[in-house]
Amino acid sequence: MAKYEMLYLLNNELTDEAKNAEIEKYEEIVKSMNGAIVSTDKWGAKKLAYPIAYKSEAYYVLMTFEANADVVNELNRVAGISVNVLRRMITKL
């Protein structure tokens with residue numbers, strides 16, 4: 001298993017419960033596919049360099065995990081169709 005980082009930006013207008021539910025959703029995807037969560041850092045709300053979907057702020061989350069490549073594909077797919085995720089980036093460490 002390789003080590004990855006996923007940085008994703010959530011819509012800042014979500015409630016705290018909805019933000020935590022989104023974070024849990026991505027952690028559960030990794031765990032359900034035999035991966036392991038190393039850490040999840042909630043960076044909080046930050047101003048964007050440029051507007052994304054007419055939003056000027058986003059809630060930043062950095063998740064570090066160990067998993068196979070198929071987990072990365074699934075995370076990318078699910079984050080891509082989620083209306084609450086403004087941007088995502090997955091990199092191999």
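Residue numbers start at 1 and run along the sequence shown.
There is a path of hydrophobic side-chain contacts, each under 4.5 Å, that joins Val85 to Met6. Under the 4.5 Å side-chain heavy-atom criterion for ILVMFWY residues, no single connected hydrophobic cluster contains both Leu14 and Tyr60. If you chain together hydrophobic residues whose side chains sit under 4.5 Å apart, Val72 and Leu7 never meet in one group.
Every residue two or more places apart in sequence or in another chain that forms a ring pair (Phe, Tyr, Trp, His ring centres under 6.0 Å) with Tyr4 is listed here: Phe65. Partners of Lys25 according to the salt bridge (Lys or Arg N to Asp or Glu O under 4.0 Å) rule, which considers only residues two or more places apart in sequence or in another chain, are Glu22. Every residue two or more places apart in sequence or in another chain that forms a side chain to side chain contact (heavy atoms under 4.5 Å, CB included) with Asn76 is listed here: Arg88, Ile90. Applying the salt bridge (Lys or Arg N to Asp or Glu O under 4.0 Å) criterion to Arg77, with sequence neighbours excluded, gives Glu74.
Atom CZ of residue Arg87 and atom CG of residue Leu9 lie 8.0 Å apart, to the nearest 0.5 angstrom. Annotation: the span from Tyr8 atom OH to Leu62 atom CG amounts to 9.0 Å, rounded to 0.5 Å. Taken from CG in Leu75 to CG in Asp70, the straight-line distance is 10.0 Å, to the nearest 0.5 Å. Rounding to the nearest 0.5 Å gives a distance of 13.5 Å between NZ of Lys3 and NZ of Lys92.
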What side-chain donor-acceptor pairs closer than 3.5 Å can you find for residues 33-48, not counting sequence neighbours?
| residue | atom | partner | partner atom | Å |
| --- | --- | --- | --- | --- |
| Thr40 | OG1 | Glu27 | OE2 | 2.6 |
| Lys42 | NZ | Asn20 | OD1 | 3.2 |

Scan the side chains in residues 52-59 for donor-acceptor partners under 3.5 Å anywhere in the protein, sequence neighbours excluded, and list what turns up.
| residue | atom | partner | partner atom | Å |
| --- | --- | --- | --- | --- |
| Glu57 | OE1 | Asn12 | ND2 | 3.2 |

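For the pair Tyr26 and Ser82, the minimum side-chain heavy-atom distance is below 4.5 Å. Looking at heavy atoms from C-beta onward, Met89 lies in side-chain contact with Thr91 at the 4.5 angstrom threshold.
Across every non-hydrogen atom of Glu66 and Val30, the tightest pair is O-CG1, 4.5 Å. Among all heavy-atom pairs drawn from Leu10 and Ile23, the shortest one is CD1-CG1, 4.3 Å.
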